[in-house]
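Single-structure report; data block below.
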Amino acid sequence: MHSTAHRIRPARVAIGALALVVLAAGALYFSGTYDRWLTPDPASACAGTLDRPALREVLTGDAAKEIEYTAPVRPGSLTQCVVMGDGPAAARSVWVDVRWGSKADAQSLGGTVGGERIHPVNGWPAVVAGSTATVNLPCLDRKDESLLVDVSLMGVKTLDKWKVRTELASFSVKSAERAAKQFGCAISPGPEVKDVEKEPRNSDAVPLAGAQGTCAPLRPLKSAAAQAGATLALEEPAEKNAPLTECTLLTSKHQLGYELAATFGPYAKAFRNTSTANPQFQQYFGAQNDYASATARCPGSPERALFTLRHRGKPDPAFEAAALKAFATDAAKQHGCTDLRLP
């Protein structure tokens with residue numbers, strides 16, 4: 001839930017589990033448990049899929065120690081590893097998991113990401129959220145399959161700065177490209193990663209009438225939104241390739257009113273698998289139901305995309321139905337989806 005600063009999201013448990021995996025790996029390393037799997041050159045980490053120059057940027061120096069698991073901590077991975085920094089960056093570590101999109105699990109970056117705003121990566125099916133990034137590359141030579149790469153950066157206190165976010169995004173995308181080549185997934189090339197936006201706060205919200213990003217489809221509903229108590233929009237840039245998108249409506253006092261999210265492919269699957277997300281979302285609105293959803297069939301995945309709305313205040317069924325329809329219709333169109341099923 002968004003207070004003035006943050007919100008609690010259904011995938012908080014999953015992201016917390018991710019963090020515990022990394023911390024546990026670090027503890028085992030320092031205890032010497034993983035000594036026999038250390039290699040002097042991290043070029044071999046994660047089956048050689050990590051982009052070395054970008055890795056140095058993320059770790060602020062040469063990476064010197066690598067942990068390669070003999071048994072996956074997360075079943076279903078093609079490869080996974082932890083690379084630890086050296087010298088001034090010794091406190092930093094990068095956790096990487098590579099898997100087929102069809103093997104997405106509750107620890108994959110699902111529909112939403114534990115209390116952090118998501119940031120699309122320009123021109124790529126990728127997002128950054130706090131200290132975590134995820135890339136989902138559709139395989140042109142594998143029907144309804146993709147390559148999913150999750151990356152978590154630990155030990156950094158400046159993740160609110162765009163430079164660190166951008167370095168994390170660049171490393172994740174470049175490593176995903178290498179992984180696609182390594183594991184046989186033909187992909188479409190993408191542009192160079194540009195600056196990832198700073199973390200927005202509720203104070204960055206704009207009037208809904210002036211929304212230009214992911215909340216833009218709701219502009220025609222500004223009068224109904226105001227009657228429902230939501231006058232402000234907290235949004236992200238609209239990226240047609242973004243695998244996750246969000247739009248948050250706030251009250252005039254910058255309090256949380258409505259959360260809308262669109263998740264595609266393996267992320268929809270991961271969202272459904274999170275411990276607090278019931279696979280059978282209520283397909284109707286009412287005082288007793290704060291969630292509602294729509295789905296659509298989208299290219300590149302057998303998993304139906306999931307569009308959700310959650311209200312945080314007094315329910316307004318008519319506005320909620322209209323808002324979900326407008327948001328889902330636009331997101332489905334942007335992603336080439338068909339068979340949109342609304343409540």
Side-chain angles (χ1 to χ4, degrees), residues 1-13 110-118 129 200-211 213-236 238 244-263 267-268 271-272 274-296 304-332 340-343:
M1 183 181 298
H2 229 316
S3 61
T4 330
H6 294 292
R7 0 177 208 176
I8 297 174
R9 301 180 179 282
R12 180 178 292 279
V13 174
T112 48
V113 225
E116 301 283 356
R117 294 290 303 182
I118 65 172
R201 302 296 180 184
N202 284 13
S203 57
D204 296 324
V206 300
L208 180 56
T214 52
C215 291
L218 304 184
R219 284 200 312 255
L221 302 175
K222 62 180 186 292
S223 296
Q227 291 179 358
T231 59
L232 301 173
L234 191 62
E235 58 180 356
E236 62 203 42
L244 314 169
T245 60
E246 294 178 327
C247 165
T248 303
L249 301 183
L250 307 177
T251 69
S252 59
K253 296 182 179 180
H254 291 81
Q255 296 176 332
L256 183 59
Y258 298 92
E259 292 176 303
L260 296 102
T263 60
Y267 304 102
F271 183 73
R272 290 184 173 100
T274 56
S275 61
T276 56
N278 190 323
Q280 303 301 321
F281 278 91
Q282 289 88 354
Q283 293 294 306
Y284 53 88
F285 298 91
Q288 303 303 316
N289 303 300
D290 62 355
Y291 264 115
S293 71
T295 66
R304 290 183 68 85
L306 182 64
F307 312 98
T308 62
L309 178 146
R310 186 175 190 181
H311 70 74
R312 296 292 189 168
K314 183 179 179 180
D316 187 325
F319 168 69
E320 292 161 18
L324 180 60
K325 180 179 180 180
F327 181 78
T329 299
D330 182 79
L340 177 60
R341 299 179 185 177
L342 295 162

Minimum heavy-atom distance [X]-[Y], with the two atoms named:
X	Y	result
Ser293	Leu306	CB-CD1, 3.8 Å
Cys215	Leu234	SG-O, 3.9 Å
Ala225	Leu208	CB-CD2, 3.7 Å
Leu342	Ala328	CD2-CB, 4.3 Å
Thr329	Leu340	OG1-CD2, 3.6 Å
Ala326	Leu221	CB-CD1, 4.2 Å

Heavy-atom check, side chain of [X] versus side chain of [Y], under 4.5 Å:
X	Y	result
Leu250	Leu256	yes
Glu246	Glu259	no
His311	Asp316	no

Q.
Under a 3.5 Å distance rule, please check whether Thr214 uses its side chain to pair with a backbone N or O of Glu235 as donor and acceptor.
A. no

Q. Do the side chain of Thr251 and the main chain of Gly229 share a donor and acceptor less than 3.5 angstrom apart?
A. no

Q.
Quick check for you: to the nearest 0.5 Å, what is the distance between Leu260 atom CG and Leu249 atom CG?
A. 6.0 Å

Q: Give, for atom CG of Asp204 and atom NE2 of His254, the distance between the pair rounded to the nearest 0.5 Å.
A: 8.5 Å

(Q) If the condition is side chain to side chain contact (heavy atoms under 4.5 Å, CB included), which residues does Ala216 pass it with, not counting sequence neighbours? (A) Arg219

Q: Kindly write out the residues that satisfy side chain to side chain contact (heavy atoms under 4.5 Å, CB included) with Ala305, not counting sequence neighbours, or none if the list is empty.
A: Phe264, Cys298, Phe307

Q) Got a sec, which residues hit ring pair (Phe, Tyr, Trp, His ring centres under 6.0 Å) with Phe319, two or more places apart in sequence or on another chain? A) Tyr258

